[in-house]
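I have placed the structure first, in the form of structure tokens, so that the comments after it can refer back to it.
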Amino acid sequence: MRVAIVTALGIITLLIGCKKAEAPPDPPVSKATSTAEVVAAAPTTRQQDGFDINQYPMSDVALPAFPYFSLPEGYTNQGYGRFTKDFARFPFWVNGNAHWVEGKFYGTTFAPVQGKEFSEYEFKRNFEALVKQMGGEKVSEGRIPGEEVRSWGDEITMGFVDGLGDIYNNPATTYLVRHPGGNIWLHLVTTSAGGKYIVGHEEALQPTATLLVASDLKKEIDGTGKVALQVNFATDKTDILPDSMPQIAQVVQLLKDDTGLQLSVNGHTDNTGDAQHNQQLSEGRAKAVVAALVAQGVDAERLQARPSDSCWLCWAS
């Protein structure tokens, strides 16, 4: 039997096959093989920025539905980019530091309707009034250094592009509504012609992935030819986060239970960001999985890490 397990920026592919002594000759790559996906989830670590949220009062105002804010009269986001992210993270700029917030986000680009001249002052005053009605305050306003923005990577600069604004040339204003139902954050950037904003509702991740024990892995592989796992990596790094080690241990147990299995780890990435960087990262993450398996007692001779430009369906050798 040959099985594939996958993770990445998104996805690593582990191709599992029988030992050569027990396996038939390798079939052509075009023959079907089994696949399984291991999703690399967003990290939960946050920068220690020294921000004390307790200095702001708790609001008891009944809030409207997410995303809370509507555009003032004379402004529109029709025909412009918008997005909603059910769970993500974003660095709100607070007094010279990025304060990372996890939760649900909405972002949009806006401009005045035809025939109306844009007024940054008018727009900001409208949003400040809305924040005040919700029981919130402005917490910060200032330019974000370009090197800081670049350090956030494509996760932010591309993933939030429709709400991020021209932060390389204009200050970002941050507002906060501290609320028992989840803090509400607002990132606003305006120019002489319009602007963009991001609303974040701070909330903890409610995990939906579950640990699959070795027997479950075996059952799914035998029944469907694939199995879905979850492996978490640190942002833009090859470090496997501690919460994924129990799942790695179950893959180890699967290999120990069936000593005839071999494992090949293939790294694959999506098409966002720098291709060379993504390839290096995915290959490094594939090697990290191999190293984690070896560290838990798997014979290195049974493991192989392949670069991301190798074939997607390969036989373990």
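- Checking side-chain atoms of Thr109 against main-chain N and O of Asp162 turns up a donor-acceptor pair under 3.5 Å.
- Judged by distance alone, the side chain of Ser244 and the main-chain N or O of Ile240 form no donor-acceptor pair under 3.5 Å.
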Inset, instruction - Start with the C-alpha distance between Phe105 and Phe87, add both sets of side-chain angles, then the distance that settles side-chain contact (heavy atoms from CB on, under 4.5 Å), and finish with yes or no. - result: CA-CA 7 Å; Phe105 293 91; Phe87 189 84; over 6 Å; no
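- A donor-acceptor contact shorter than 3.5 Å links the side chain of Arg178 to the backbone of Tyr56.
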Determine all donor-acceptor pairs shorter than 3.5 Å in which one atom belongs to a side chain in residues 133-142; sequence neighbours excluded.
unit_1: Lys138; atom_1: NZ; unit_2: Glu141; atom_2: OE1; d: 3.1
unit_1: Ser140; atom_1: OG; unit_2: Asn95; atom_2: N; d: 2.9
unit_1: Glu141; atom_1: OE2; unit_2: Lys124; atom_2: NZ; d: 2.9
unit_1: Glu141; atom_1: OE2; unit_2: Thr173; atom_2: OG1; d: 3.3

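- Note: Tyr197 and His187 fail the aromatic proximity criterion, with ring centroids not under 6.0 Å apart.
- With Arg285 contributing its side chain and Lys237 its backbone, the two residues share a donor-acceptor pair below 3.5 Å.
- Side-chain contact check for Arg143 and Asn170: no donor-acceptor pair (N or O, by modelled atom type) lies under 3.5 Å.
- Aromatic rings from His99 and Phe51 are positioned such that their centres are separated by under 6.0 Å.
- Both Leu71 and Phe69 belong to a single network of hydrophobic side chains, linked directly or stepwise wherever heavy atoms of I, L, V, M, F, W or Y lie under 4.5 Å apart.
- Residues Phe123 and Tyr75 bring their aromatic ring centres within 6.0 Å.
- No hydrogens or angles considered: a donor-acceptor pair under 3.5 Å links the side chains of Gln253 and Asp257.
- Note: Phe127 and Tyr175 fail the aromatic proximity criterion, with ring centroids not under 6.0 Å apart.
- By the side chain to side chain donor-acceptor pair (under 3.5 Å) test, Lys132 pairs with no residue at all, sequence neighbours left out.
- Other residues, nucleotides and ligands contribute only 12 or fewer heavy atoms inside 6.0 Å of the CD atom of Glu73.
- Cluster partners of Tyr121, using a side-chain heavy-atom cutoff of under 4.5 Å among ILVMFWY residues and allowing indirect links: none.
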